[in-house]
Amino acid sequence: LTRVTKVDLKRKLVFTESIRFGEELRDIVGYDKLCIATGSKTLKLQCPGADLENIFYVRDFADVDRLKQVATSGRKAVVVGGGYIGMEVSACLAIRGLQVTLVSRSG
């Protein structure tokens, strides 16, 4: 896990810290444009079946890895949520050969 410790807007630099294999690592990453996409709280389904095995919530890389393990061509998927993440997941699943239905709020 990498943590941002400082952002220098004038010099366009992001300072990070992480621990890998017990070693503390620090890095400075330069950028042209900075997009802060920290996400929000995951909204869990509140209905019968919401805790079944093939229900996936996508918030981080580990979640994506779990989804990729079962996302094989010829299967069907329903993605709940028509925001950026839901649309991106839908597109990626379709590229992998799944039949995808996207469910979103209207309005």
Side-chain angles (χ1 to χ4, degrees):
L1 180 65
T2 301
R3 185 171 72 97
V4 173
T5 58
K6 177 181 173 182
V7 176
D8 184 328
L9 297 175
K10 287 184 181 179
R11 297 188 306 167
K12 294 189 174 185
L13 298 173
V14 176
F15 296 76
T16 65
E17 288 181 354
S18 61
I19 297 177
R20 294 199 184 129
F21 306 109
E23 181 181 346
E24 186 175 308
L25 304 171
R26 295 171 192 253
D27 197 9
I28 301 171
V29 181
Y31 64 88
D32 293 316
K33 302 286 183 190
L34 177 62
C35 174
I36 299 175
T38 55
S40 62
K41 184 178 178 184
T42 301
L43 297 175
K44 303 263 180 163
L45 293 175
Q46 299 297 315
C47 62
D51 58 347
L52 292 174
E53 181 180 347
N54 283 330
I55 304 289
F56 298 89
Y57 296 93
V58 179
R59 295 307 314 161
D60 58 29
F61 290 120
D63 294 339
V64 172
D65 288 340
R66 283 191 294 277
L67 180 57
K68 283 170 50 177
Q69 290 175 5
V70 299
T72 56
S73 183
R75 298 190 76 179
K76 295 179 182 180
V78 175
V79 176
V80 178
Y84 180 78
I85 292 173
M87 291 177 27
E88 191 71 21
V89 168
S90 296
C92 290
L93 293 173
I95 289 169
R96 293 178 72 91
L98 281 80
Q99 179 184 334
V100 180
T101 301
L102 176 63
V103 179
S104 180
R105 279 189 285 201
S106 61

Q) Hydrophobic clusters join Ile, Leu, Val, Met, Phe, Trp and Tyr when side-chain heavy atoms are under 4.5 Å apart, directly or via other members; which others share one with Ile95? A) none
Q: Determine whether more than 12 heavy atoms belonging to other residues, nucleotides or ligands lie under 6.0 Å from atom CD of Glu24.
A: yes
Q) So Lys12 and Leu34, side chain to side chain contact (heavy atoms under 4.5 Å, CB included) or not? Walk me through it. A) CA-CA 8 Å; Lys12 294 189 174 185; Leu34 177 62; over 6 Å; no
Q: Would you check, one step at a time, whether the test side chain to side chain contact (heavy atoms under 4.5 Å, CB included) holds for Val89 with Leu67?
A: CA-CA 10 Å; Val89 168; Leu67 180 57; 4.1 Å; yes
Q) Asp8: what forms a side-chain hydrogen bond (donor to acceptor under 3.5 Å, both in side chains) with it, not counting sequence neighbours? A) Arg11
Q | Least distance between heavy atoms, Leu102 atom then Ser90 atom | A | CD1-OG, 3.5 Å
(Q) Minimum heavy-atom separation for Ile85 and Arg59, please, with both atom names. (A) CD1-NH1, 3.4 Å
Q.
For Ile36, is the CD1 atom crowded, meaning more than 12 foreign heavy atoms sit under 6.0 Å from it?
A. no
Q | Pairwise distance CZ(Arg3) to CD(Glu17) - rounded to 0.5 angstrom | A | 5.0 Å
(Q) Under 4.5 Å between side-chain heavy atoms, counting indirect links through other Ile/Leu/Val/Met/Phe/Trp/Tyr residues: same cluster for Val78 and Leu98 or not? (A) no
Q) Just by distance, do the side chain of Arg20 and the backbone of Leu25 share a donor-acceptor pair under 3.5 Å? A) no
Q: Establish whether Phe61 and Tyr57 are linked, either directly or via other cluster members, by ILVMFWY side-chain heavy-atom contacts under 4.5 Å.
A: no
Q.
Could you see if Leu45 belongs to whatever hydrophobic cluster contains Val58? Use Ile, Leu, Val, Met, Phe, Trp, Tyr and a side-chain cutoff under 4.5 Å.
A. no
Q: Indicate the atoms forming the closest heavy-atom contact of Val79 with Gly86, along with that distance.
A: CG1-O, 3.6 Å
Q: Could you tell me which non-hydrogen atom of Arg96 sits nearest to which non-hydrogen atom of Lys68, and how far apart they are?
A: NH2-O, 3.3 Å
Q) What do you reckon, is OH of Tyr31 surrounded by more than 12 foreign heavy atoms closer than 6.0 Å? A) yes
Q.
I'd like to know whether Val70 forms a side chain to side chain contact (heavy atoms under 4.5 Å, CB included) with Arg75, so could you lay out the CA-CA distance, the side-chain angles of the two residues, the decisive distance to 0.1 Å, and finally the verdict.
A. CA-CA 9 Å; Val70 299; Arg75 298 190 76 179; 3.9 Å; yes
Q.
Let me confirm one number: the CD-OG distance from Glu23 to Ser18, rounded to the nearest 0.5 Å.
A. 9.0 Å
Q: Give a yes or no on whether Val64 and Ile55 share a hydrophobic cluster (residues Ile, Leu, Val, Met, Phe, Trp, Tyr; joining criterion: side-chain heavy atoms under 4.5 Å apart).
A: no
**Q.** Cluster overlap Val4 with Phe15, hydrophobic side-chain contacts below 4.5 Å
**A.** no
